[in-house]
Novice: 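Before I ask anything, let me first share the structure, which is written out below as structure tokens.
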Amino acid sequence: MFVNYSILIFFIILLTLVLFFIYISKNMESTSLENLKEITYKLSEQVDLLLKEMDKMAIQVCSNPEIKEILGKAEAYHKNNLDNGNTNFFHYNLVDAGRVHETLISISGLNIASGRISIYNNFGEYISIGMYTDLSTTIEERLKSKEHEDLYNKVTEQKGGKFFISVHEDFWSKLNDEKIISLLREIRDISENKSYGVVEIQKAYSKLEEICTFNNNDKIKTYLITEFGDLVYPASN
């Protein structure tokens, strides 16, 4: 009889311990999920803020009447100099180039310390400001390339909407070995249905890395994916 009671008590204690560990396990799982949700929310919030800052600058450039006016002059200049080889309007019209630079500086403010703002069209005109050094030969090669033509068409197909490019090499300079991300918009006049060119806002990819590694937890792997399924972080080698 004593042995039977002992066995019964043993199984009761064992069952209690099993139920206790199940409770603790579920509680830890619930806590872990809540922590992951919080980390995901903070990460998403910071990424959204970075992209909104980039898009804000793009929208300000697209809506600036002086930039549209000068890009209109650049298009007319191109049409009048088709036989002049390199017809980058901004190389030969330094006053207008200076006006664009001043406008871009006023729009970018301190944000330009971590990237570049470029404006270009499909006629070969290009101008930019920023921390990255432009290389004229690379710019000319890029503007004449099929890759540039395809990307330009994709951006203009958005009819003024934003277009995001995940981590990539610098299109405009072979001197810059830092990976970057880009947000582009077409500069257009909606009332006249006229396209003036494209603005590209570039940021160092390291800015995105800082956001995605903020939790400093080796056990948590962070992946950032676009709505089209493209991997943004971590960057593929």
Novice: Considering non-hydrogen atoms only, spot the tightest contact between Thr138 and Ser173 and give its length.
Specialist: CG2-N, 3.7 Å
Novice: Does Lys73 form a salt bridge (charged side-chain N to carboxylate O under 4.0 Å, His left out) with Asp96? I'd like the steps, not just the answer.
Specialist: CA-CA 9 Å; Lys73 291 172 64 177; Asp96 285 322; 2.8 Å; yes
Novice: For a quick test of reading the model, state the closest non-hydrogen atom pair linking Ala204 to Ile180 and the distance between them.
Specialist: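 Scanning both residues, the minimum pair turns out to be CA-CG2, 4.2 Å.
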Novice: Under 4.5 Å between side-chain heavy atoms, counting indirect links through other Ile/Leu/Val/Met/Phe/Trp/Tyr residues: same cluster for Met57 and Leu183 or not?
Specialist: yes
Novice: For Lys52 and Asp55: C-alpha separation, side-chain torsions, deciding distance, then whether salt bridge (charged side-chain N to carboxylate O under 4.0 Å, His left out) applies.
Specialist: CA-CA 5 Å; Lys52 283 179 181 178; Asp55 197 27; over 6 Å; no
Novice: What's the verdict on side-chain contact (heavy atoms from CB on, under 4.5 Å) for Leu50 and Ile181, showing C-alpha distance, side-chain angles and the deciding distance?
Specialist: CA-CA 11 Å; Leu50 175 65; Ile181 57 174; 4.1 Å; yes
Novice: Using distance alone, with no hydrogens and no angle criterion, decide if Thr156 and Glu186 have a side-chain donor and acceptor under 3.5 Å apart.
Specialist: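 Distance-only check fails for Thr156 and Glu186.
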Novice: CG of Leu208 to CG of Leu43: how many Å apart, nearest 0.5 Å?
Specialist: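 Interatomic distance, Leu208 CG to Leu43 CG, rounded to 0.5 Å: 8.5 Å.
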Novice: Quick one: sort the Phe171 and His168 rings into parallel, tilted or perpendicular, breaks at 30° and 60°.
Specialist: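 Judged by the thresholds at 30° and 60°, the geometry between Phe171 and His168 is parallel.
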Novice: Checking His101 side chain against Ile129 main chain: does a donor-acceptor pair fall under 3.5 Å?
Specialist: no
Novice: Please find the pair of heavy atoms, one from Glu75 and one from Ser195, that lie closest to each other, and give the distance.
Specialist: OE1-O, 4.4 Å
Novice: Check the orientation of Tyr120 and Tyr126. Use parallel for under 30°, tilted for 30 to 60°, and perpendicular for over 60°.
Specialist: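 Answer is parallel, since the angle falls under 30°.
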Novice: Return the OG to CD distance between Ser106 and Glu66, rounded to the nearest 0.5 Å.
Specialist: 9.0 Å
Novice: Spell out, as yes or no, whether a donor-acceptor pair under 3.5 Å connects the side chain of Ser206 to the backbone of Glu209.
Specialist: no
Novice: Are any of the side-chain heavy atoms of Leu104 and Ile119 separated by less than 4.5 Å?
Specialist: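 Yes. Closest side-chain heavy atoms under 4.5 Å.
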Novice: Answer yes or no: is there a side-chain heavy-atom contact under 4.5 Å between Gln202 and Met54?
Specialist: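 Of all side-chain heavy-atom pairs linking Met54 with Gln202, none is under 4.5 Å.
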Novice: Using a 4.5 Å cut-off on heavy atoms from C-beta on, say whether the side chain of Val198 contacts that of Asn121.
Specialist: no
Novice: Taking everything shown except Lys162 itself, do over 12 heavy atoms lie less than 6.0 Å from its NZ?
Specialist: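 Counting neighbours around NZ of Lys162, 12 or fewer heavy atoms of other residues, nucleotides or ligands fall under 6.0 Å, so no.
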Novice: Please check: side-chain N/O of Asn93 versus main-chain N/O of Phe89, any donor-acceptor pairing under 3.5 Å?
Specialist: yes
Novice: Measuring from atom CD1 of Ile107 to atom CD of Glu102, what distance do you get when rounded to the nearest 0.5 angstrom?
Specialist: 12.0 Å
Novice: Is Lys194 close enough and on-axis enough to Tyr196, meaning under 6.0 Å and within 45°, for cation-pi?
Specialist: yes
Novice: I need the minimum non-hydrogen distance between Arg188 and Gly160, along with the two atoms involved.
Specialist: CD-N, 3.7 Å
Novice: I would like to know whether Leu143 and Phe123 meet side-chain contact (heavy atoms from CB on, under 4.5 Å); could you show each step before the answer?
Specialist: CA-CA 8 Å; Leu143 291 174; Phe123 301 127; over 6 Å; no
Novice: Measure the CD-CD distance between Glu147 and Glu141 for me, rounded to the nearest 0.5 Å.
Specialist: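 Spacing of CD (Glu147) from CD (Glu141) equals 11.0 Å.
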Novice: Less than 4.0 angstrom from a charged side-chain N to a carboxylate O is my criterion; do Asp150 and Lys154 meet it?
Specialist: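 Not counted as a salt bridge, because no side-chain N and carboxylate O are separated by less than 4.0 Å.
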